Asks: 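Okay, handing you the structure first.
We name chains A, B, ... by the order of the sequence lines, and we start the count at 1 in each one. Remember, it's a predicted structure, so these values are computed and weren't measured experimentally.
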Amino acid sequence: MEPRYSPQQLESVVQAWWLEQHSFKVTEDPDREKYYCLSMLPYPSGQLHMGHVRNYTIGDVISRYQRMLGRNVLQPMGWDAFGLPAENAAIQRAVPPAQWTYQNIEHMRGQLQRMGFAYDWSREVATCRPEYYRWEQWFFTRLMEKGLAYRKNAVVNWDPVDQTVLANEQVIDGKGWRSGAVVEKREIPQWFIRITAYADELLEELDNLPDWPDSVKTMQRNWIGRSSGLEVDFALAAGGEPLRVFTTRPDTLFGATFMAVSADHPLAIESAKADQDVAAFIAQCASGGVSEVELESIEKKGVPLGIDAINPLSGEKIPVWVANFVLMGYGTGAIMAVPAHDERDHVFATRYGLPIIQVVAPANGELIDVSATAWPAKDDTVTVNSGEFSGLDFQSAFERIAGYVQDQDIGERKVNYRLRDWGVSRQRYWGCPVPVIYCDSCGAVPVPDGDLPVLLPEDVTFMGVQSPIKADPDWRATSCPTCGANAERETDTFDTFVESSWYYARYCTPGAKAMLDKRADYWLPVDHYIGGIEHAVMHLLYFRFWHKLMRDLELVSSDEPATKLLCQGMVLAEAYYHDSPEQGRVWVRPDEVEIEKDAKGKTIDARRATDGAALTATGWTTMSKSKNNGVDPQGLIDRYGADTVRLFTMFASPPEQSLEWNDDAVAGSQRFLRRIWTLVYSHRETLRGASSTAETLDEQSQSLRRTFHGALQKINRGMERHQFNTVVAACMESFNALERFDPGSDPARIAVMREVLGILVRVLAPITPHLSHVLWQELKMPGELLDAPWPKVDESALTSETQVLVVQVNGKLRGQVEVAAEADEVVIREAALADDKVARHVGERAIRKIIVVPGKLVNIVV
RNA sequence: GCGAAAGUGGCGGAAUUGGUAGACGCGCUGGCUUUAGGUGCCAGUGGGGCAACCCGUGGGAGUUCGAGUCUCCCCUUUCGCACCA
């Protein structure tokens with residue numbers, strides 16, 4: 001044992017040992033309880049970032065802890081390897097996306113190994129490899145057969161200069177990020193997967209996920225957005241096909257003062273032929289991007305179509321408008337607008353001077369004014385101004401009106417979802433080819449199993465932004481699997497969310513000669529899934545959906561992919577900038593900033609180290625390239641070692657909260673590890689000769705054991721609730737007591753010291769596995785630390801003869817009393833009243849009540 | 001615009017889930033160790049006041065013997081919004 005803690009050297013020795021022993025390779029063992037701990041797989045962007053380090057440390061701590069509890073733990077790792085950044089690198093640096101991706105994977109795998117994560121690397125997956133994506137293609141053809149995959153037109157962002165489809169991310173202020181051209185909406189045929197067919201199950205089974213965060217479940221419920229309402233036909237005054245709308249508020253039907261249709265609605269398109277204003281408005285709606293933020297935050301505008309509809313209940317004539325806030329993709333693409341009881345309708349009506357008629361009122365008779373703002377309530381309401389349907393609450397009005405509409409055959413009850421079918425086509429190169437062949441006579445034909453995989457060529461050169469497979473007629477040309485005629489391949493690729501929807505299952509069956517095999521059911525479902533909260537709806541919904549698809553193809557037997565979910569917070573750092581007249585806003589890297597503090601430690605000035613330029617601090621913000629405030633984990637690992645980085649990320653904040661990066665505090669974490677090392681080093685001779693038990697213990701030894709076993713209770717609670725910051729704090733607190741403990745040459749004391757060190761080393765093992773491994777050996781503890789049993793709380797160590805109670809007077813802290821542990825309420829009351837300070841505060845006033853909370857406090861109410 | 005969270009010392013956070021607010025750490029202040037140093041150790045550290053004591057968990061109301069914790073309203077920040085992953 002070296003006198004100084006030198007993590008770099010120590011960690012490489014321990015890692016080499018794990019590698020040699022194949023310590024993390026696992027196999028299915030029906031006799032042992034399995035535990036599948038999964039962290040979301042990274043995109044191989046080139047460098048590990050702090051978000052990865054945090055995510056994977058949390059997963060590793062849980063995995064190692066579960067292993068010490070005796071479970072057969074699977075912790076795999078892989079690469080979400082397809083995606084847009086590889087294409088951008090290809091365009092900028094003329095390197096093929098495949099080459100760029102594989103190099104990044106090599107580098108990042110090395111970084112993960114340097115962190116000491118306990119992965120079974122024999123199960124590694126890279127989603128861009130044909131042996132992975134061929135099963136995705138196979139699965140897609142099954143979905144086509146079942147009618148769960150289909151093709152329809154959908155709108156995309158179109159860059160008219162680059163002649164290419166843009167991702168929402170590539171549209172900035174309505175313009176293409178490279179060309180700067182105003183983006184247009186364009187409809188193209190695309191493949192969809194029918195997730196709406198599973199909407200009800202996806203919604204209902206959220207109730208079977210008690211260990212998923214409520215926030216995620218709520219977001220998923222809202223995202224699915226099940227709403228039951230009514231479809232109603234509004235006849236047009238001029239006759240012809242009636243205008244059908246969907247509404248969730250039939251009770252407000254009498255308040256409809258206008259109708260609005262989407263710019264893509266047939267009625268709008270028809271009107272545009274004769275009306276220039278309508279045509280111009282529709283053209284205007286076609287510019288700009290397709291993202292929901294853009295659509296929902298634009299100013300609400302519209303143009304009248306010059307058509308009147310007839311309210312089926314009141315018989316009133318109301319005008320039909322085309323409006324930019326009505327979406328073709330939801331409901332029928334047309335709405336009845338009730339300005340009095342809907343916020344958006346109200347804004348629109350106010351803008352264009354359309355009437356606002358109140359038809360719902362508070363049930364308690366209170367008067368409301370709908371002229372300035374809408375009143376959307378539907379609980380404790382009553383309908384008014386609604387003819388024979390007046391005087392009803394929401395539910396009765398809904399039922400009566402729905403009944404009437406059905407009797408008249410002008411509509412029906414309808415359940416709608418906000419959730420839309422999943423568009424999986426991408427007009428990009430670096431993705432999994434959609435396994436479809438288009439034949440003039442046979443249409444869209446799935447590629448037969450024997451012809452899979454449809455290989456994506458990896459040795460390509462980019463000419464501009466065009467996808468190399470779209471640009472290559474030879475790649476496209478093929479023959480129809482059905483009739484043998486000349487045919488063309490689909491050149492679109494899948495959304496990368498498809499790959500990340502089933503990787504967790506493939507980890508269970510490495511090398512399988514099918515998509516999955518029987519091994520999957522040993523490991524699945526995932527016991528603990530860990531990843532960023534930013535995935536709360538999209539990935540985590542696709543992940544659940546795909547599992548159900550696989551279940552229905554009898555590939556897995558569970559209903560849900562993961563029983564427990566932990567969403568870790570973002571990693572933040574301070575960012576600093578100054579505004580310069582020439583360069584605009586200049587962001588300065590945090591490690592180039594000099595901070596001046598006042599006598600209380602408050603920051604009063606920040607300057608650039610090189611030239612003393614005054615800087616403005618943003619406060620805590622997400623690490624990003626644009627703000628130049630990313631902290632590179634590699635530098636920290638090189639400087640402090642993996643254990644220190646792991647310890648800091650666990651200690652700085654609880655997993656679900658954001659983590660504020662602080663270089664000084666990282667150094668502080670290393671100080672703690674160094675102190676442990678130094679303590680064990682300085683007692684190494686005595687500890688070697690320690691006996692494992694001691695019969696009689698003196699007061700100090702008992703107190704130390706009480707501290708450690710008390711801390712162990714906190715640690716166990718912290719581990720179970722994943723509050724690793726409190727686990728570390730409890731370790732530090734108990735270690736502080738140990739540092740003040742002098743074992744001298746007393747065998748009983750030395751035995752106690754060895755016992756508590758054994759506890760400390762084991763509870764730290766999941767967090768700082770390298771240091772713990774070495775100390776475990778140094779203490780001559782039996783067996784491999786990885787499989788050492790988690791320490792047990794010794795209840796007898798916790799008992800004490802006295803208890804300290806807090807005394808309050810009228811809820812304010814006034815004193816403390818020490819009484820016997822078994823003292824009854826009478827004794828406690830007397831002791832409390834006898835306290836000088838308490839007596840002074842009670843004074844002459846009459847005591848009204850005394851509340852005694854056993855083991856905690858006494859409150860005297862005067 | 002819609003949906004979901006979070007606000008506690010100079011900073012990160014803790015609080016046994018309605019019972020001592022500030023555990024643990026960083027920073028800061030003073031001291032010690034002849035410490036090359038960004039090392040190590042000791043003490044102090046929510047604000048005000050000499051003190052008794054008073055104030056204090058984003059702001060405002062409420063429930064309670066007692067509220068950081070529960071209820072309502074408001075403010076601010078962060079995340080997601082379907083082609084970033």
Asks: Does a side-chain N-to-carboxylate-O contact under 4.0 Å join R344(A) and E296(A)?
Replies: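 Yes, this pair counts.
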Asks: Using Watson-Crick or G-U wobble geometry with both distances below 3.5 Å, tell me the partner of C70(B), or none.
Replies: G62(B)
Asks: Please work out whether G9(B) sits syn or anti, treating a glycosidic angle within 90° of 0 as syn.
Replies: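 It is syn.
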Asks: Please give, in whole Å, the distance from C53(B) C1' to H841(A) NE2?
Replies: 8 Å
Asks: Applying the side chain to side chain contact (heavy atoms under 4.5 Å, CB included) criterion to Q190(A), which one of V155(A), V156(A), V434(A), N153(A) satisfies it?
Replies: V156(A)
Asks: Using a heavy-atom cut-off of 4.0 Å across all strands, would you classify N168(A) as base, sugar-phosphate, or nothing?
Replies: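 The answer is sugar-phosphate, as N168(A) gets under 4.0 Å only of primed atoms, P, OP1 or OP2.
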Asks: Any donor-acceptor pair under 3.5 Å joining the side chain of R717(A) to the base of U17(B)?
Replies: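 No, no donor-acceptor pair under 3.5 Å.
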Asks: Could you go through nucleotides 33-41 of chain B and list every protein N or O atom that sits under 3.5 Å from one of its N or O atoms, giving the distance for each pair?
Replies:
from: G38(B); atom 1: N2; to: R639(A); atom 2: NH2; distance (Å): 2.9
from: G40(B); atom 1: OP1; to: R674(A); atom 2: NH2; distance (Å): 2.6

Asks: Is there a side-chain contact between R840(A) and the phosphate of C53(B), meaning an N or O under 4.0 Å from OP1 or OP2?
Replies: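 Yes, such a contact exists.
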Asks: Looking at G13(B), A82(B), G1(B), which one has an atom nearest to any side-chain atom of S291(A)?
Replies: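 Taking heavy atoms from C-beta onward, the closest nucleotide is A82(B).
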Asks: In whole Å, measure the gap between the P atoms of U57(B) and G9(B) for me.
Replies: 9 Å
Asks: Measure from NE2 on H539(A) to P on C81(B) and round the result to the nearest Å.
Replies: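 Rounding to the nearest Å, NE2 of H539(A) and P of C81(B) are 14 Å apart.
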Asks: With a non-hydrogen cut-off below 4.0 angstrom, is V853(A) in contact with a base, only sugar-phosphate, or nothing?
Replies: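 Base contact - V853(A) has a heavy atom under 4.0 Å of at least one base atom.
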Asks: Establish, with yes or no, whether the OP1 or OP2 oxygen of A14(B) is under 4.0 angstrom from a side-chain nitrogen or oxygen of N725(A).
Replies: yes
Asks: Only one of T127(A), V125(A), I105(A) clears side chain to side chain contact (heavy atoms under 4.5 Å, CB included) with W79(A); which?
Replies: I105(A)
Asks: Please work out if V861(A) contacts a base, only the sugar-phosphate, or nothing of the nucleic acid, heavy-atom cut-off 4.0 Å.
Replies: sugar-phosphate
Asks: Would Q220(A) and R544(A) count as a side-chain hydrogen bond (donor to acceptor under 3.5 Å, both in side chains) if you check the C-alpha gap in whole Å, the side-chain angles of each, and the deciding distance to 0.1 Å?
Replies: CA-CA 11 Å; Q220(A) 292 212 349; R544(A) 294 181 58 221; 2.9 Å; yes
Asks: Write down the distance separating the P atoms in C24(B) and A43(B), rounded off to the nearest Å.
Replies: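 The answer is 12 Å between these two P atoms.
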Asks: Regarding K470(A) and the six-membered ring of Y429(A), is the cationic atom NZ or CZ under 6.0 Å from the ring centre and inside 45° of its axis?
Replies: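 Geometry flag: not set, cation outside 6.0 Å or 45°.
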Asks: Base, sugar-phosphate, or nothing for F651(A), non-hydrogen atoms under 4.0 angstrom?
Replies: base
Asks: What's G225(A) touching, base or sugar-phosphate or nothing? Going by heavy atoms closer than 4.0 Å.
Replies: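 Nothing, no nucleic acid heavy atom in range.
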Asks: Tell me what E656(A) touches on the nucleic acid: a base, only sugar-phosphate, or nothing, going by heavy atoms under 4.0 Å.
Replies: nothing
Asks: Could you point out which residue of R54(A), E660(A), Q568(A) forms a side chain to side chain donor-acceptor pair (under 3.5 Å) with S653(A)?
Replies: R54(A)
Asks: Under 4.0 Å between any heavy atoms, over every strand shown, what does A536(A) touch: base, sugar-phosphate, or nothing? Just pick one.
Replies: nothing
Asks: Just checking V165(A): base, sugar-phosphate only, or nothing, at a heavy-atom cut-off of under 4.0 Å?
Replies: base
Asks: In terms of the nearest nucleotide of RNA chain B, which residue is placed more toward the 5' end: S425(A) or S297(A)?
Replies: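 Final value for this comparison: S297(A).
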Asks: Once you apply a heavy-atom cut-off of 4.0 Å, does P654(A) come out as touching a base, just sugar-phosphate, or nothing?
Replies: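 P654(A): backbone/sugar contact only, no base atoms under 4.0 Å.
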Asks: Quick one: label W422(A) by what it contacts on the DNA or RNA (base, sugar-phosphate, nothing), any heavy atom closer than 4.0 Å.
Replies: nothing
Asks: K837(A) or R848(A): which one's nearest nucleotide on RNA chain B is closer to the 5' end?
Replies: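 Its nucleotide being nearer the 5' end, the pick is K837(A).
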Asks: Would you mind pulling out the nucleotide paired to G7(B), Watson-Crick or G-U wobble, both distances under 3.5 Å?
Replies: C75(B)
Asks: Once you apply a heavy-atom cut-off of 4.0 Å, does Q713(A) come out as touching a base, just sugar-phosphate, or nothing?
Replies: nothing
Asks: Looking at A43(B), which nucleotide sits across from it as a Watson-Crick or G-U wobble partner, both distances under 3.5 angstrom, or is there none?
Replies: U29(B)
Asks: Could you measure between the two P atoms, the one in U69(B) and the one in U63(B), and give it in whole Å?
Replies: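 Taking atom P in both U69(B) and U63(B), they lie 15 Å apart.
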Asks: OP1 or OP2 of C65(B) less than 4.0 angstrom from a side-chain nitrogen or oxygen of Q808(A), does that happen here?
Replies: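 Checking Q808(A) against C65(B): no side-chain N or O falls below 4.0 Å of OP1 or OP2.
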Asks: Name the pairing partner of U17(B), where a pair is Watson-Crick or G-U wobble with both distances under 3.5 Å, or state none.
Replies: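 With both distances under 3.5 Å required, U17(B) matches none.
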Asks: Just so I know, are the side chains of H709(A) and E795(A) near enough to count as touching, which here means a heavy-atom distance under 4.5 Å?
Replies: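 SC-SC contact between H709(A) and E795(A) ruled out.
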Asks: Looking for any heavy atom pair under 4.0 Å, which part of the strands does Q170(A) touch: base, sugar-phosphate only, or nothing?
Replies: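 It contacts nothing in the nucleic acid.
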Asks: Please determine if R418(A) forms a cation-pi arrangement with W223(A), meaning its NZ or CZ atom is less than 6.0 Å from the six-membered ring centre and no more than 45° off the ring axis.
Replies: yes
Asks: For a quick test of reading the model: is some side-chain N or O of K812(A) closer than 4.0 Å to OP1 or OP2 of A21(B)?
Replies: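 Result: no.
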Asks: In Watson-Crick or G-U wobble terms, both distances under 3.5 Å, what is the partner of G1(B)?
Replies: C81(B)
Asks: Taking the minimum atom-to-atom distance to the side chain of T218(A), which one of C79(B), A4(B), C81(B) wins?
Replies: A4(B)
Asks: Do the side chains of K185(A) and E294(A) get close enough for a salt bridge, i.e. N-O under 4.0 angstrom?
Replies: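 Salt bridge: no.
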Asks: Touch check for L419(A), heavy atoms < 4.0 angstrom, all strands: base, sugar-phosphate only, or nothing?
Replies: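 Answer is base: heavy atoms of L419(A) come under 4.0 Å of a base.
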Asks: Round to the nearest Å and state the distance from Q568(A) atom CD to A4(B) atom P.
Replies: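 Those two atoms, CD and P, are 22 Å apart.
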Asks: Please give the distance between the P atoms of U39(B) and C26(B) as a whole number of Å.
Replies: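 Each nucleotide's P atom is 11 Å from the other's.
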Asks: Using Watson-Crick or G-U wobble geometry with both distances under 3.5 Å, which nucleotide pairs with G22(B)?
Replies: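 In the structure as shown, G22(B) has no Watson-Crick or wobble partner.
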Asks: Whole Å only: how far is the CZ atom of R54(A) from the P atom of G13(B)?
Replies: 9 Å
Asks: Under 4.0 Å between a side-chain N or O of S653(A) and OP1 or OP2 of G12(B)?
Replies: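 Answer is no, no contact under 4.0 Å.
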Asks: Check every strand shown and say whether T621(A) touches a base, only sugar-phosphate, or nothing at a heavy-atom separation below 4.0 Å.
Replies: nothing
Asks: Given the structure, check if the side chain of D664(A) and the base of C26(B) hold any donor-acceptor pair shorter than 3.5 Å.
Replies: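 It does not, because no donor-acceptor pair links the side chain of D664(A) to the base of C26(B) below 3.5 Å.
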Asks: Does the pair E574(A)/K627(A) count as a salt bridge with the N-to-O cut at 4.0 Å?
Replies: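 No.
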Asks: Under 3.5 Å for both donor-acceptor distances, Watson-Crick or wobble: does C53(B) have a partner, and if so which one?
Replies: G48(B)
